[in-house]
Structure formats: structure tokens, C-alpha cells
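Quick notes on the structure that follows.
A, B, ... follow the sequence lines: proteins, then strands. Residue 1 opens every chain. Note that the structure is predicted; figures quoted are calculated from it, not measured.
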Amino acid sequence: MPRFENTRLSRRGVMKVAGLGAVALAVPGPPAQAQATKPGARQGLLDKLLGGRKAQAGKVELRMPELAENGNTVPVTVFVDSPMTEESYVKAIHVLAEDNPNPEVLSAHLTPANGRAEISTRIRLAKTQYVIAYAELSDGSVWSGRTEVKVTIGGCGD
Amino acid sequence: LATIRIRLPQTIRKGDAIEVKTLITHAMESGQRRDAGGAVIPRKILNRFTCAYNGRPIVDMELAPAIAANPYIAFFIAATESGMLDFAWTDDDGTVFKESQKITVT
């Protein structure tokens, strides 16, 4: 996934990123890194949530700011491309923040009566990381989407 | 005590998928923080949120400590009929905070 797909350069944005210093700019491939740190725990959690099913990339759109100055409250919207009919709907959306002390964020169980598979909330992020959303569909398939959020001040601990 | 706010669109037409926005005051103490003396402040969060539309469950969410303080939760419902939306948030200590909101579908 191209990291700067959605990047729009503005003076303000550039200054903010510059303010993060070399650490943030040097962040290479956090997913590999995150998996390397705690593969067992993460896989266990995924198996618990998804019952061992494999997720395919797609259908899930995760809307978050690229840069969160305050990790204590970061807006997130998860949208899943689904007609939300009795025949085809999203049964559950799971959101994970891999590099938080506890990667779970939320699990939302939906029904066709929702009309649209979209949820929003505000979350805590301990540090710069990928946030991942999984969608379980009524046909049993699992889809996922993710986005990277750069965090200036972490939102766990003190 | 918790303050709860619910927001629906001003006009709701039958068949629309409308966004329901909710807000509740709560510290969502994560269990990760330490007090001045270095002792862990025990976790105390709202761990579940539900909404029913005219008695029918429509949303059921499990919430983790990663949800920010004063949880904002928004979701959609297919507006099929006028009636009542019943919301409930469950605290780790077992307290259930409830709120109901009338919905008028034209």
C-alpha cells in the first residue's frame, strides 16, 4: 500500500510533520515491525475475533487523520461497502490498533436494519501506528482495511 | 452522573439511512495510567453499547479501553417507522446508563 497515497502537502502539514522530528519521518514499515514484536498475541486475538478465517484486503474504508497531535482522542470512521440487505450485509466490524498496549478497540455487531455499514467514534493511540478494521460479512467472508496515523503525543498511560 | 446527548437529523424520510450520533460523559479509565504514587489506577470503562429501534436490537458494540474518554459513537439506521430508540451503555461496575429518543419518520 503506498504510504503517501492521500498525502496533500500544505505548508502547515509540512511544518507539523517536521515538528515530529526524524523519529516519525524514519518510520519505515510499521506493520512488519508490529508483527515482529507480538505476533502470537495479535494472531490469537484475530483468531478469537474472526474464528480463524482469513481476511481479504478491500471493501473496508478506514477514515482517520494522517496526523494526530493528541493520541488521547483520534476520530475514526469505518465504512464497509455493502448493500445491507437480508441477503448481503455486514455482521460485525472489528477495529484494532496494533501498537496499543491492548490492540482491541471495538467490535460492532450490525444488522441489515442499519441501512449503511458505517460507524464512527474517537479512540486512543499510544504511538504512531497502523489502525486496522475487519468486516465480517453475512456470507462468511472477512475483509479488511487499514490506515497509518502519526501520533505526536501518545494517548495511553499518563 | 453521566450526561447523555443523542442527535438525529432534523427531518427523516421513510427509507433513508440516517446517522445517529451519541455522546456520553465518562472518564473511560484505561487501567494503563498510574497515580502520583506509582500505583496503577484501576480500569473502569463503559464496555458495551447497545441500541434498539422499537424494541428490536440494531447495534451491539463491545468497547475496549482504547475508546477515548466521553465516548462518541455514531452509526446508521434504516428509518422505516416512527417510534423510539433505546440506548444503553454498560459500565465495568455493572451500572447501565440508559437514554431513549423519539424518532419521527415522515
Hey, which of Ala69(B), Pro57(B), Ala64(B), Gly31(B) has the most heavy atom pairs under 4.5 Å with chain A?
Ala64(B)
Looking at every non-hydrogen atom in both residues, tell me the closest pair between Ser30(B) and Arg124(A) and how far apart they are.
CB-NH1, 3.7 Å
Spacing of CZ belonging to Arg116(A) relative to CD belonging to Glu19(B), to within rounding of 0.5 Å:
8.5 Å
Which one, Ile58(B), Val20(B), Asp16(B), leads in non-hydrogen pairs under 4.5 Å with chain A?
Ile58(B)
Please say whether more than 12 non-hydrogen atoms of neighbouring residues, nucleotides or ligands are located less than 6.0 Å from CZ in Arg48(B).
no
Looking only at Ala117(A), Pro112(A), Ser120(A), the option with the highest number of non-hydrogen pairs under 4.5 Å against chain B is Ser120(A)
Please check if the number of heavy atoms outside Lys91(A) that lie under 6.0 Å from its NZ is greater than 12.
no
Got a second to check how far Met28(B)'s CE is from Arg122(A)'s CZ, nearest 0.5 Å?
12.5 Å
Heavy-atom pairs under 4.5 Å with chain A: which of Thr50(B), Val59(B), Asn47(B) has the most?
Val59(B)
Distance col, row Asp60(B):CG vs Thr111(A):OG1, nearest 0.5 angstrom, shows 11.0 Å
Are Met84(A) and Phe76(B) linked, directly or through intermediate hydrophobic residues, by side-chain heavy-atom contacts shorter than 4.5 Å (ILVMFWY only)?
no
Same hydrophobic cluster for Leu62(A) and Phe79(A), using side-chain heavy-atom links shorter than 4.5 Å among ILVMFWY?
no
Under 4.5 Å between side-chain heavy atoms, hopping through other hydrophobics if needed: is there a path connecting Phe75(B) to Tyr72(B)?
no
Quick check for you: among Ala17(B), Gly15(B), Cys51(B), which has the greatest number of heavy-atom pairs under 4.5 Å with chain A?
Ala17(B)
Consider only side-chain heavy atoms of I, L, V, M, F, W and Y, link residues closer than 4.5 Å, and tell whether Leu23(B) and Phe97(B) are in one cluster.
no
Do Ile119(A) and Met61(B) touch side chain to side chain, with heavy atoms closer than 4.5 Å?
yes
Which distance, rounded to the nearest 0.5 Å, do you find between the CD1 of Ile18(B) and the CG of Asn114(A)?
11.0 Å
For atom CZ of Arg7(B), decide whether the heavy atoms of other residues, nucleotides or ligands shown that lie under 6.0 angstrom number more than 12.
no
